[in-house]
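Data block below; observations after.
We name chains A, B, ... by the order of the sequence lines, and we start the count at 1 in each one. The figures that follow rest on heavy atoms only: side chains count, while hydrogens, waters and symmetry mates do not.
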2 protein chains.
Amino acid sequence: MKIGELSQRTDTPVRMLRYYEEQGLIHSERLPNGYRSYEDYVVDRVRQVRGLLEVGLPTRIIKQILPCLDSSRAIYLPYVTPDMIATLEHERDRMAEKIECLTKNHRAINDYLDAVSHEIRAS
Amino acid sequence: MKIGELSQRTDTPVRMLRYYEEQGLIHSERLPNGYRSYEDYVVDRVRQVRGLLEVGLPTRIIKQILPCLDSSRAIYLPYVTPDMIATLEHERDRMAEKIECLTKNHRAINDYLDAVSHEIRAS
DNA sequence: TCAATGTGTGACATTGGTGTGAGGGTCAAG
DNA sequence: CTTGACCCTCACACCAATGTCACACATTGA
């Protein structure tokens, strides 16, 4: 597919798709006329990238961890440096913290909304 | 307490504390000499603010939802505009999405690390 | 063929969170 | 009284993600 379709299917500005490519997060072939051409799996990848960006990971980190999250999961041992392991462990732990924070606040908002709706019903 | 202590206790640059105040996220009294003076509860609030910032919420939104997350939770009905409710519901839903995204990726990293450690043991 | 739409590159602007430094008060300890 | 640590304000700088615009070429449909 071309960039416009990918943009629609991922609800992502074309500008950003080119940026993600520049940052090494997604890959495209080129058609004879120079247009970018994407494989289907890129749709999911873009969604994943956006998700990770939204929870505060910078592209630098996303680029590092993405290969490890590929569903076609063969482990390329040469990639597995102690450095990489450390990064992954660190990011995993940070994710756990974020999950905790979000869960807590999510619950608090929910509780509040519940309380408000009761309040309103009572008035 | 003064800003330096708050900074230490929250592991937050002084610069940022002043910024959060400017954005209306925390509050300080002033000592006679002009120094900021914080109540104890601000420590928790700063931690909460930082947590929310880390998961990608802008200060503008944090400012809106913070009052609803106060543990001393009396509902001030005048604050409860339909607008506000909509914002809260929206942010709550976004949080749920983020939790899902983080959980998925957290698990994937963990699985990967597990697989790697087995791989290493086997080699 | 013409107009509209899509794509390419490149450059510049903006925004939000953050860093940093200047210049100047406050205060406690020596 | 001086020194050093802390605080104040203000301003400028930085970075990453994103927006926007200009200009050119490609494609497609009327």
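Hydrophobic clustering (side-chain heavy atoms under 4.5 Å, transitive across Ile, Leu, Val, Met, Phe, Trp, Tyr) keeps Tyr35(B) apart from Ile26(B).
Distance, Ile62(B) CD1 to dG16(C) P: 13 Å, rounded to whole Å. In this structure, CG of Leu53(B) is placed 19 Å from P of dT15(C), rounded to the nearest angstrom. The NZ-C1' distance, from Lys2(A) to dG8(C), rounds to 13 Å in whole Å. Atom pair Glu21(B):CD and dC8(D):C1' shows a separation of 12 Å (rounding to whole Å applied). Spacing between atom CG of Leu31(B) and atom P of dT26(C) amounts to 13 Å, rounded to whole angstrom units. Whole-Å rounding puts the Ile61(B) CD1 to dG16(C) P distance at 11 Å. Summarising the geometry, the separation between OH on Tyr19(B) and P on dT9(D) is reported as 16 Å, rounded to the nearest angstrom. Rounding to whole angstrom units, CG of residue Leu52(A) and P of dA17(D) are separated by 12 Å.
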* Residues Asn105(A), Glu91(B); criterion side chain to side chain donor-acceptor pair (under 3.5 Å); working and verdict -> CA-CA 10 Å; Asn105(A) 284 287; Glu91(B) 290 308 320; over 6 Å; no
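Using a 4.0 Å cut-off between charged side-chain N and carboxylate O, Glu22(A) and Arg18(A) make no salt bridge.
Closest of all the heavy-atom pairs between Thr12(A) and Thr10(A) is OG1-O, 2.9 Å.
The phosphate of dG8(C) (OP1 or OP2) has no side-chain N or O of Asn33(A) nearer than 4.0 angstrom. A close approach under 4.0 Å does not occur between any side-chain nitrogen or oxygen of Thr59(A) and OP1 or OP2 of dA16(D). Remark: Tyr38(B) is not in phosphate contact with dC7(D), judged by side-chain N or O atoms under 4.0 Å from OP1 or OP2. Between Arg15(B) and dT20(C) there is no side-chain polar atom (N or O) within less than 4.0 angstrom of OP1 or OP2. Contact annotation: Arg36(B) does not reach the phosphate of dC7(D) (side-chain N/O to OP1 or OP2, under 4.0 Å). Between Arg30(B) and the phosphate of dT9(D), there is a side-chain N or O to OP1/OP2 separation shorter than 4.0 Å.
Each of Gln8(B) and Pro58(A) was matched to the nucleotide of DNA chain D holding its nearest heavy atom; the match closer to the 5' end belongs to Gln8(B).
Contact of Tyr35(A) with dG8(C) (side chain to base): no donor-acceptor pair of N or O atoms is detected under 3.5 Å.
If you check every strand for non-hydrogen atoms under 4.0 Å, Arg18(B) touches a base.
Of the candidates Arg36(A), Lys63(A), Arg45(A), Arg36(A) is the only one forming a salt bridge (Lys or Arg N to Asp or Glu O under 4.0 Å) with Glu21(A).
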